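Working notes, structure below.
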Amino acid sequence: MAPIAKRDLTKSNAQFRKALKRLPLGVASTFRYWGDDRTIYVDHGKGGRTWDIDGNCYVDYRLGYGPAILGYADDRVDAAARRGMEVGGVFALSTERELAVADRIAGMVPAAELVRFSNSGTEAVMAALRLARAHTGRDSYLLVEGGYHGLFDAAMWMANMEDWDTRSNRDPEVVSYGQGIPRTLKELAHLVPMNNCERLEDTFRRHGNTLAAMLIEPIQGNCCAISADVEYVQLARRLCDEYGVLLIIDEVKTGFRVGKGGIQGIMGVTPDITTFAKAVANGYPIAVVAGREEVMRTFRYGGASHGGTYTAHSVSLAAAEECLRILDETPALETLASYGERLMAGISKILDARKIVHSYTGHPSMFGLFFAEKAPNNYRDWKKSDYSFYDQMAYHLHDLGVICEPDSREPWFMCEAHGLDESCLTDTLKAVETAVDLTLEHFEEEAKHA
Ligand code: PMP
């Protein structure tokens, strides 16, 4: 294949070297560091595309990890945010708009009987867990392997898949995400593999009476969109009821994306508490903790604390009001899901023509791509899958003007603007075809030298 011109990252590379002197890793969030010569700095985004400071244009399937559900710089939401600016920001007092947004959310998600706001997904899940602990008087909680619930201490326990021997009968070790998490917290966190009903029942038998909550993302938005079987989530619901445990469905990524009522609406399982963030306001910082009235009323003086200076900021709230109106009253979600379906079909056509076995996980609005006949059923399965083809393909896609996460554990996200701009699809598929061929060449070369 003729050599492909590499994108020019001269300005981004220079910015990286300058930023490194002031910002750890040269970035504001660790996950934005993609290597000394591949960390990009954004000039702006519009619709389904992002432009870096070198002028490279990308069809963007990260969408900031999901928030830009309508597309970047959406005129309708930005106009609403500007009106929110005129309100004045924060007062440490309430505005009428809070109720209007809460009513909208309750109308879209039946489990959201009562609603509170937070600023980020982390804050919302942190509030949800505190609420569950306050309501039950218990401290322990159950997480699902491969799940991610934000960067607060209690949520930062994970199954160590890197060092897990797939042939062993032992469970992967429970470790913290990085340093700085107090070891004394470890005994409160229990982990179960997704989609293993026997293990779930066994864990509840052993620990059910001490658990405040079970947290689950039925589509794992940080683990390739691996999906729970409906029966698994239904079993979780039954076991929670039996043992007096609160079920928290974390819809920070799936909420207002996979459907108006989230993944819980699709699966028909009602949580006690639910959390939303990304798609609520098309990228303006706001999150939601909502749930059953009796549980939510534990947020009171003398009960579970909840609040924060920036909670329900007038700009984010106004953006949320408009974004949720659009998602509720227009076919935006259908538009982006149907784009996702066409994208998956297009990618499959390219891969099938080269006899490359593959499969998808998740939902057309946020899907994971696997180079195996059967997609993994849980995080343990993921360890057995070969993701080297994906990693190499993602590397080439970036050079070819398509941004997906370099780590195969992050799904591809669709936005309404992708669906309204046919060139997003044609540009992406052209890039995928080239990236796949370059990846095949790469592995052929590697095999020759093996
Ligand atoms: N829960 C889930 C399911 C998430 O995907 C994330 C973020 N990726 C969070 C919580 C934390 O959200 P934030 O990054 O807004 O703090």
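No experiment lies behind these values; they were computed from the predicted model shown. First listed ligand is number 1; within each ligand, the first listed atom is number 1.
Residue contacts with ligand 1, taken as heavy atom pairs separated by less than 4.0 Å, do not involve E123 at all. The part of N222 lying near ligand 1 is the side chain, judged by heavy-atom distances below 4.0 Å. With a 4.0 Å heavy-atom cut-off, ligand 1 is reached by the backbone of Y148 and by its side chain too.
Under the salt bridge (Lys or Arg N to Asp or Glu O under 4.0 Å) rule, K46 has a single partner from D78, D75, D60, which is D75.
Of the candidates A124, G121, S120, S118, G121 brings a heavy atom nearest to atom 12 (O) of ligand 1.
For ligand 1, the atoms closer than 4.0 angstrom to any heavy atom of E217 are 3 (C). Ligand-side atoms of ligand 1 in range of T122: 11 (C), 12 (O), 13 (P), 16 (O), range being under 4.0 angstrom from any heavy atom.
A centroid separation of 6.0 Å or more is found between the aromatic rings of W382 and F370. Checked against a 6.0 Å centroid threshold, the rings of W157 and H190 do not count as neighbours. In summary, the aromatic rings of Y360 and F367 are positioned with their centroids under 6.0 Å apart.
Considering only non-hydrogen protein atoms, atom 1 (N) of ligand 1 sits nearest to D250 OD2, 2.7 Å. The protein non-hydrogen atom at the shortest distance from atom 10 (C) of ligand 1 is H149 C, 3.3 Å. Among all protein heavy atoms, the one lying closest to atom 4 (C) of ligand 1 is V252 CG1, 3.5 Å.
Between K278 and ligand 1 there is a heavy-atom distance shorter than 4.0 Å.
Judged by a 6.0 Å distance limit and a 45° cone about the ring axis, R38 is positioned over the six-membered ring of Y395. Under the 6.0 Å distance and 45° angle rule, R206 does not count as a cation-pi partner of F204.
Without hydrogens or angle criteria, H363 side chain to V258 main chain gives a donor-acceptor distance under 3.5 Å.
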